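Following: one structure in structure tokens, then a few remarks.
Proteins get letters first, then strands, A, B, ... in listed order; numbering begins at 1 in each. On a predicted model such as this, the values are computed, not experimentally measured, just so you know. What's counted below: heavy atoms across the whole structure, side chains too, no hydrogens, waters or symmetry copies.
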Amino acid sequence: METLLDATYRTEDEKALIQLFYLSDTHLEDKKLKEVRNFEPYFYAVPRGSAQEFLEEIKAAKFPQITRLEIVKRIELRREIEVIRIVVKHPSHVAEIRERVAELKKCEETREDDIRFVQRYIIDADLTPMNGADNKKLRIASFDIETINERDKIIPIIISYADNLGLRKAWNYKHERHDLKFVEKCPDEKAMINKFIETVKNQKIDLIVTYNGDNYDFPVLKDRCKELGIDFTLGAEGIEIKMERRGMDMGARVIGRPHIDIYPVCRRMFSLPRYTLEDVHLALFDEEKLDIEVEHMHKWWDAGENVDTILSYAIADADSCLAIALEVLPTEYELSQLIHQPIFEVSRMGTGNAIEWLLMKMAHDKNILVPQKPGDTEYATRRMESYEGAYVVEPEKGIHDNIFVFDFRSLYPSIIIAHNIDPSTINCDCCEKEWHISPTGIKFCKKKKGLIPELLEDILNSRVKAKLELKKLVAEGGDKTKIKMLDARQQALKILANSAYGYMGFSRARWYNNDCASSVAAWGREYIKNTIKSAQDEGFRVVYGDTDSLMMAIPEKLTDVQINQIKNDFLTKINKKLPPAMQLEFEGFYTRGVFVTKKRYALISPDKKLTVKGLEIRRRDWAEIAKRTQEQVLNTILWEKNPQKAAEIVKEVVNDLRAGKVPLKDLLIYTQITKPLGEYENTGPHVEAAKKAIKRGKMVKPGDVIQYVITKKGSSISDKAEMIGFVNENDYDAEYYINNQVLPAVMRILEALGYQEEELKGFGRQMTLGGF
DNA sequence: CCGATT
DNA sequence: AACGGCTAATCGG
């Protein structure tokens, strides 16, 4: 099995030469290179009227870039039509002449003219990148740089490196450390960077991984290489690292030896309040990673203080990055195979794009014409079209015991399959009066499957298969790498299945269709409402429900046998009324739960696990001190049913805050800057904090997450907000943190338990238990 | 105090 | 550069 790592093309004799980089299984050679010369760039043009006449018109225009014209049959909204396939000499010619062709009289529109050449080739040649890839076969190296600022320049002082062959290095050019084996002192910065480049090549690395290398490590190194006269070639010989624009961001492309930045991968794969390397490491391995105050690095490094700590921190970054990569990469290998695109692109792709590539591949295989991406006007129109979304039940506020949670497995994907929801199946003429009619009145064909339902069926079937294999392999105690790959596959398939609905409602989607998206949501509301109704008709008390789930509480004490009985009876009753593609499942049984508002609740399971949704604990725009206190109160209430003790906890926190004992890191609030600062009509604390920081020389741009503290000086809250780095310990406004952070978070829980606001106010001011 | 903004 | 629903804090008239 050959594993395609990367693909690119270069121009030779004015023609494209495609270069495919394959893994060398034995690693006797670095990579196997295959070259393809005979793939020609092309696009389509749809005739207005006769195809033959249109062909003549194009011919007559005598575009020098065109080498061949042919009339071919393609499918458009289930109908076969004749279109012109326009073959050009060089990939750049597509963009050059598509508009000129579109301007011709007999041209309706051009199609598939915005698909990049190499990606087009991979689809047409039916290649499967990363086929058979796993962590064992691939050589994976991570690196990270530590830097200091010197006269407006960012200078790397350490490059740390770790690979899955066991090599670990921290190169620098200042300090020798014979007792730290991984440390190596180079003569100067140039030698250090060269050492790194050499090592990657000598180790015959297949994948380079970084944490935010796209936006930091690579740009910095590239700059330094330019200044120091170093040939920054890490991959294929003679090809320098390219910074590719990807929307707003950059991607650092190492041709032939793909660079995967795992920061965007982690952002997509995990739901965390923050995504620093330390946060992700903690979330994944439940272990703290060595961290230091980067601000002191320069001083320490120059003075020769804490050098061991700095070097250990540097290597810990590389180690951690590699460890995280080994966890997340398998899903990327699988996604790369599933959507038939190189891992470089896939790892930086949103789910909407991933689904789109999959659809494009399927469309090509079925001779279906790919819809165009919307232009600016079309996009603006789509943005205006809105539709009603999911149904959320107002919860029965307060504490409930014995909670049964049910949910629909893949609700939206199964609705799409069950009702054949696809842009091409709307208002078909083959199903007169026999359509699937959505609650919003849209008619979908019952006879011929649409592309998206078919894709989803494939995805769900593959997932069932992967999960079965996985179960079998785990039971047999099979190979760990294989188990990981199967798990990664089912994970990747789940991601894809769940994004199809959002994709149809995504304004930039090729297969966008508002009627489809709104019908899916409408059917979703109908199914969950009907299920809730059935539960109530059975005499159950539905305490909450959201989109695809419902929770019912049974106050009486229940044995395990009874729990099982209730669950099975209910599932059987509901499921026999549902279409075959749809199924209600038992998500779990919970001992107790507290419900605050829609989307905000906490549950404890019989095995003592706490599940919290929507409450402050889960949000980064609340200070750690408020979140931690809320969690402690929740635990005390749910497990011990002891509000007195909860009050004691709060009292202690308030005292600590007033005594100035709480460290700044527990008081930080994180809020993202979403647009240029001048565009804010309403300048919240984060905006004001950012503005002040800019005046003192800090850089802030849209997308940055501002970390700020509310200090003592100033009148409004915004006045008092300062970015971390401009605040001293102890300089915080204790009353703000008490009244605007800790107490609201805690009171939300207590109020839900029925304590009146008046009682709580007294509780807030005096911190006594009088009210209870 | 309340709607708008985030 | 997936969707909409929803809560809550803060600003600012």
- Shortest side-chain distance from Tyr501(A), nucleotide among dC6(C), dC3(C), dC11(C): dC3(C)

- Query: Hey, does the side chain of Thr351(A) come within less than 4.0 Å of dA2(C)'s phosphate (OP1/OP2), counting only N and O?
  - Reply: no

- Task: Would you check, one step at a time, whether the test side-chain contact (heavy atoms from CB on, under 4.5 Å) holds for Ile123(A) with Gln341(A)?
- Result: CA-CA 8 Å; Ile123(A) 289 180; Gln341(A) 285 299 318; 3.8 Å; yes

- Query: With sugar-phosphate meaning primed atoms plus P, OP1 and OP2, does Trp511(A) contact a base, only sugar-phosphate, or nothing at under 4.0 Å between heavy atoms?
  - Reply: nothing

- Message: So Gly389(A), base contact, sugar-phosphate only, or nothing? Heavy-atom distance under 4.0 Å.
- Response: sugar-phosphate

- Message: Is Arg600(A) close enough to dA8(C) that one of its side-chain N or O atoms is under 4.0 Å from OP1 or OP2 there?
- Response: yes

- Message: Val392(A): which residues meet the side-chain contact (heavy atoms from CB on, under 4.5 Å) condition with it, sequence neighbours left out?
- Response: Tyr544(A), Asp546(A), Lys598(A), Lys599(A)

- Task: Determine: side-chain N/O of Lys599(A) to OP1/OP2 of dT7(C), distance under 4.0 Å, yes or no.
- Result: no

- Query: Is the shortest side-chain N/O distance from Tyr736(A) to OP1 or OP2 of dT10(C) below 4.0 Å?
  - Reply: yes

- Message: Can you pull out the residues from residues 669-690 of chain A that lie within a 4.0 Å heavy-atom distance of DNA chain B?
- Response: Lys675(A), Tyr680(A), Glu681(A), Asn682(A), His686(A)

- Among Arg508(A), Arg510(A), Lys361(A), the one residue meeting side-chain hydrogen bond (donor to acceptor under 3.5 Å, both in side chains) with Glu356(A): Arg510(A)

- Task: Mind listing the residues from residues 488-500 of chain A sitting with a heavy atom below 4.0 Å of DNA chain B? Number order is fine.
- Result: none

